[in-house]
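Structure first, commentary second.
Per chain, numbering begins at 1; letters A, B, ... match sequence-line order. Given the structure is predicted, the values throughout are model-derived calculations rather than measurements.
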Amino acid sequence: MKKITKDNYPAYFIDFIEGKLSKEEEKTLEDFLEENPKLKEELQEYSPEIYLKAEENIHYEKKEELKRGNIYIIPQFIRYASIAAAIILAFILIKPHIFNAKQEETSSQKEIALIEQKIDNKKIVAKEVILDKGKEKKIIAKTRIRKEKENINKEKLEKAEPLLNKEEIVEKKEGEKVEEIIYKETTSIVYYKEFEDIDFNNAQIVEVTNMIVKDSVENNKKGIMPFEKFAKQVKYNFDKGKDYVETKIEWTQENIVDPIVRTKDRLDNIIYRKEITKR
Amino acid sequence: MTDKQYNLCVDNFSDNILRFLVKNLKDRQEAEDILQDVFLKLWEKHKEVDNDKVKAYLFKAAYNTMINTINHNKLIDNIEIKDTVTINAQNAHSDIRDILSDALNLLSSLQKASLLLRDYEGYSYNEIGQILNITEENVKINIFRARQKMKKYIGSIDNII
């Protein structure tokens, strides 16, 4: 033990009280106290009995918050920083979403524009713009169908034998830009409007409504209508085509015989076609 | 120490640390804030901390953080003012716990911490020295001075027994 001095004597006092001094150290202490009688009084007055008893009523109630797994300790100095960090983090996280959303929107619009352009190139008007990618497939499918139709039409047109000059057989109303193509089939004469200006969003409807059916005498006898034949073809390409044709189109035997075919589109616009004189 | 040991440590020692801080600071909210800081520090380093020494680690961290907080908030001056007030009002106390609690306020931070660790936690002088980063001899001196001051404040041990 260090030499006892006026600075460290309390340590000696404690060891003395607790009986931890050797006899030699006790002798050293006694000598020291003889030389410093005031300190001897200090020792005599010291009360090791003054003892603090732990206050058992003090408990930390949020232990679970300190534990790992659900540890969300927020030190005081971090609290304010965390608020700022949260704002920055939110900005960082949200900004890309906004940016991406804009990009996606732009991308989507471009794709739509491209589709529209393709359709325009084929002279198909898509009035209902596709607003999401889910519908994209649909319009592409329609485009594909359109190509199939074109192929069919071209094939038919190549095989068709025009009976009349277009100008002679089509009566165009003022302002109407309808171009009708005439070709001959073996059992019937079908006049139908080419799909150049068809609204494919209402394809099942428009395609039919714009079709002009003129049955031939031969078909009437056979009871096979070119319209139905065509409707089957429509169904092949458009899932609901035939159903719609069968249920919605207002046509009767009389319509077919009658020079005027009256049909109705989805918007209930009555479309009249003047019969083209059969040759 | 493992994650599991850390969680056990929370269960076993958070109350002790809180008591130590509350008695030192006389401010429950401040004490809880420091407690959370201490356990956060422990969690960050828990894999490096020896489980057998974690209690001392916690007290040491608590004490150091507390001192930093006191210095930062300049609470030392306030505590000294409180001491004067307490002394003047000592006769109004009747509860022994209140008297001892007020007497505790007379002590310096080091004296108070030494005494609390000794009496509350039963640490040896050597352990207290390690926690408070002082020599064993200084711990004894602090504790001696602390009890001396408290006795002087109380007047006589008979007054509170």
field: Between A:Tyr60, A:Phe13, A:Tyr9, the one whose heavy-atom pairs under 4.5 Å with chain B are most numerous
entry: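 Looking at each option in turn, the highest pair count goes to A:Tyr60.
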
query: Closest approach of B:Arg28 and A:Ile58, non-hydrogen atoms and distance?
result: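 Closest heavy-atom pair between B:Arg28 and A:Ile58: NH1-CG2, 3.8 Å.
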
- prompt: Would you find more than 12 non-hydrogen atoms of other residues, nucleotides or ligands less than 6.0 Å from A:Tyr46 atom OH?
  reply: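 Yes, enclosed.
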
message: Are more than 12 heavy atoms, taken from residues, nucleotides or ligands other than A:Lys40, located less than 6.0 Å from that residue's NZ atom?
response: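 Result for NZ/A:Lys40: open.
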
- request: Would you confirm whether B:Asn7, through its side chain, and A:Lys67, through its main-chain N or O, come within 3.5 Å as a donor-acceptor pair?
  value: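 Not at all, since once roles are kept as given, no pair shorter than 3.5 Å links the two residues.
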
task: Pick whichever of B:Lys4, B:Arg19, B:Met150, B:Lys41 has the most heavy-atom pairs under 4.5 Å with chain A.
output: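 The answer is B:Arg19.
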
Report which part of [X] has an atom under 4.5 Å of a heavy atom belonging to chain A: side chain, backbone, both, or neither.
X	answer
B:Val22	side chain
B:Ile143	both
B:Lys23	side chain

Validation row: [X], [Y] side chains within 4.5 angstrom (heavy atoms):
X	Y	value
A:Leu66	B:Gln36	yes
A:Ile14	B:Tyr125	yes
B:Arg145	A:Pro10	yes
A:Lys62	B:Glu32	yes

How many angstroms lie between [atom1] in [X] and [atom2] in [Y], if you round to the nearest 0.5 Å?
X	Y	atom1	atom2	answer
A:Glu42	B:Gln148	CD	CD	4.0 Å
B:Asp11	A:Lys63	CG	NZ	7.0 Å
B:Phe144	A:Leu43	CZ	CG	6.5 Å
A:Asp15	B:Glu136	CG	CD	7.5 Å

